[in-house]
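One-based numbering along the sequence shown.
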Amino acid sequence: SVVRMALEISRPKLGKAVGCHPNTVQNIENHSRVASLELANKLAQHFCCRVDDLINPPDKKRLKEITRAYHLKLAEANSEEAGAA
């Protein structure tokens with residue numbers, strides 16, 4: 001997907017993060033399979049975007065917003081891990 005590629009997330013890494021097989025991600029991206037509502041919500045939550053951003057590719061401005069939110073989430077998670085160590 002446009003969002004996955006913009007965030008530089010591999011299909012295997014994404015599949016592991018949302019609990020599905022990398023082939024499922026590929027099939028959804030190739031439109032040979034439709035994501036369940038549950039999986040679509042998990043993908044959107046992981047990407048820090050809306051389900052609509054996965055259905056209708058976001059414009060450059062929206063993609064920058066998503067990228068910023070995603071990287072902030074990663075930074076917060078890394079900060080929490082460092083604090084727990």
(Q) Is the shortest side-chain heavy-atom distance between Phe47 and Leu54 below 4.5 Å? (A) yes
Q.
Tell me every residue that passes side-chain hydrogen bond (donor to acceptor under 3.5 Å, both in side chains) with Asn56, counting only those two or more places apart in sequence or in another chain.
A. Asp52
Q: Look at Glu76 together with Lys73 and state whether they make a salt bridge at an N to O cut-off of under 4.0 Å.
A: no
Q: Could you tell me the separation between the NZ atom of Lys61 and the CD1 atom of Ile66, rounded to the nearest 0.5 Å?
A: 12.5 Å
Q. Do you reckon Ile55 sits in the same ILVMFWY cluster as Val2, going by side-chain contacts under 4.5 Å, direct or chained?
A. no
Q: Could you grab the distance from atom NE2 of His21 to atom CZ of Arg11, nearest 0.5 Å is fine?
A: 12.5 Å
Q: Look at atom NZ of Lys16 and say whether more than 12 heavy atoms of other residues, nucleotides or ligands are closer to it than 6.0 Å.
A: no
**Q.** Heavy-atom closest pair, residues Val25 and Leu14
**A.** CG1-CD2, 3.9 Å
(Q) Testing the basics here: between Ala17 and His46, what is the closest heavy-atom pair and its distance to 0.1 Å? (A) CB-CE1, 3.4 Å
Q) Which is it for Glu65 and Arg68 under the salt bridge (Lys or Arg N to Asp or Glu O under 4.0 Å) test, yes or no, and what are the steps along the way? A) CA-CA 5 Å; Glu65 291 170 356; Arg68 183 175 186 276; over 6 Å; no
**Q.** Flag side-chain contact, heavy atom, 4.5 Å: Leu39 against Thr24
**A.** yes
Q) So, the side chain of Arg4 versus the backbone of Ile9: is there a donor-acceptor pair under 3.5 Å, distance only? A) yes
**Q.** Donor-acceptor contact below 3.5 Å, side chain Ser79 vs main chain Ala75
**A.** no
Q) Which atoms form the tightest heavy-atom contact between Val18 and Lys42, and what is the distance? A) O-CD, 3.5 Å
Q | Heavy-atom side-chain proximity of Arg50 to Pro58 below 4.5 angstrom | A | no
Q: Would you name the heavy atoms of Ala35 and Ile28 that are closest together and state the gap between them?
A: CB-CD1, 3.6 Å
(Q) If hydrophobic clusters are built by linking Ile, Leu, Val, Met, Phe, Trp and Tyr wherever their side-chain heavy atoms come under 4.5 Å apart, do Leu43 and Leu74 end up in the same one? (A) yes
Q. Is the CD atom of Gln45 crowded by more than 12 outside heavy atoms at less than 6.0 Å?
A. no
Q | Non-hydrogen side-chain atoms of Glu8 and Lys13 separated by less than 4.5 Å | A | no
Q: Might you point out which heavy atoms bring Ala40 and Val51 nearest each other, and give the distance in Å?
A: O-CG2, 3.8 Å
